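Report on the structure given below.
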2 protein chains.
Amino acid sequence: MRCRHAGSISCVTPLYEQQDDFLAMAESLCRQRQQRFTELRRQVLSLICAAEQPLGAYALLDMLKAKGRSAAPPTVYRALDFLQQQGLVHRLASNNTYLACAHPQQPHEAVFLVCRQCGNTRELHTDGIYRALSRQARDAGFLAEHAAVEVSGLCTRCRDITTPEAAEK
Amino acid sequence: MRCRHAGSISCVTPLYEQQDDFLAMAESLCRQRQQRFTELRRQVLSLICAAEQPLGAYALLDMLKAKGRSAAPPTVYRALDFLQQQGLVHRLASNNTYLACAHPQQPHEAVFLVCRQCGNTRELHTDGIYRALSRQARDAGFLAEHAAVEVSGLCTRCRDITTPEAAEK
DNA sequence: CATGTTATGTTATAATATAACATTATCGAC
DNA sequence: GTCGATAATGTTATATTATAACATAACATG
């Protein structure tokens, strides 16, 4: 299913259902930018986009080790730094996890909906909120450069489980 | 200078210029809620609201020790947990720091403007953004409970220092 | 293929936060 | 007041997240 954004990746379909396309896109994007999409970086991105939930750095580390790769914390953090610079991965400050981003082509700003129950996280692309934020910041004399908007709550599924009656409506 | 919000504390004046009023307000608020505003909690809140910038937990720990108080990490974290529950203190996830909140009376949602240069942080109270966020979340089937909105950039002073020509406009 | 640059390996450690259990203080019932 | 329950703090240990520093390996390019 396509979304309203440019590019071959859809942000309305979970990335773990389009891993191959996503990795191919990442590779070509890095080539365009003359950046090296090394095996390590590919592996880390692959793990992140195969996961249903955002992953912590040490979870990634364990997975790399489980794959037989020699790895230490800097191994993971350096790969994550690179992927973040390329816009392929976002870091969630509210729970120290990392997730893949469907639309790294142009730097954008996103709103994250983080389910406190199951950890599933959706990325919304909502220009309006960022425009409003920038404007309010400017009115306060502040030059906004980046905004982290992380909403915690309950996703559809977990809300229905928690309050079953709500599901029947 | 008063602000548009209820209560005796103004959020347009730095809290370190109204420490006594702020601590008195905190004390009466806790009494109303039948919560204990102990000496430790008062000290931690006092340190936080005396600071110009948000403080890290270990900076607070060092300050407590410097005051001759026996303190270990849990000392600080427990006090911070309490103060957050009472709405007197917010935690900034983007840099792991804690700051005082001028309007703990009713749970509210805030936007933080964090200067990446000097660390100074302003809290904006902007209902509009939160309404928009909640609505967008709801449209995505998500029940929003809390939103952390942390904007990083440059405050007026640091922007002028960084790009002096801008100051002349 | 020599050389500078970028990426990775490796060890150690910093910074942030919590678990677990002992002790002390406070509140209410009596 | 004192007893018992609850809440708060003290204390030690450890978990979790992240970075510093330096060595080695891989790659790009003349």
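Labels below follow one simple rule: chain letters A, B, ... track the order of the sequence lines, proteins then strands, and each chain is numbered from 1. Note that the structure is predicted; figures quoted are calculated from it, not measured.
If you take CZ of R91(A) and P of dA18(D), they are 4 Å apart, rounded to a whole angstrom. Protein atom OH of Y77(A) is 12 Å distant from nucleotide atom P of dT16(D), rounded to whole Å. Regarding Q84(B), its CD atom lies at a distance of 10 Å from the P atom of dA17(C), rounded to whole Å.
Looking at which nucleotide of DNA chain C each of A79(A) and P73(A) is closest to, the 5′-most match is held by A79(A). For the pair R41(B) and A71(B), both in contact range of DNA chain D, the more 5′-proximal nearest nucleotide belongs to R41(B). Nearest-nucleotide positions on DNA chain D place L40(B) closer to the 5' end than the other of Q34(A) and L40(B).
Between the side chain of R69(A) and the base of dG9(C) there is no donor-acceptor pair of N/O atoms closer than 3.5 Å. A donor-acceptor contact under 3.5 Å links the side chain of Y58(A) to the base of dA18(D).
Distance from the side chain of T75(B) is smallest for dT11(D) among the nucleotides dA21(D), dC27(D), dT11(D). In this structure, of dT11(D), dT17(D), dA8(D), it is dT11(D) that holds the atom nearest to the side chain of S70(B). For R36(A), taking side-chain heavy atoms from C-beta onward, the closest of the listed nucleotides dT6(C), dT17(D), dC22(D) is dT6(C).
For D20(A), the CG atom is loosely surrounded, since the number of other residues' heavy atoms within 6.0 Å does not exceed 12.
In the hydrophobic clustering of this structure, V149(B) does not group with V89(B); members are Ile, Leu, Val, Met, Phe, Trp, Tyr whose side-chain heavy atoms approach within less than 4.5 Å, directly or through other members. Under the 4.5 Å side-chain contact rule for hydrophobic residues, L154(B) and L92(B) do not share a cluster.
Between H103(A) and H5(A), the two ring planes are tilted [angle within 30° to 60°].
When the side-chain nitrogen and oxygen atoms of N96(A) are compared with OP1 and OP2 of dA18(D), one or more of them lie within a distance under 4.0 Å.
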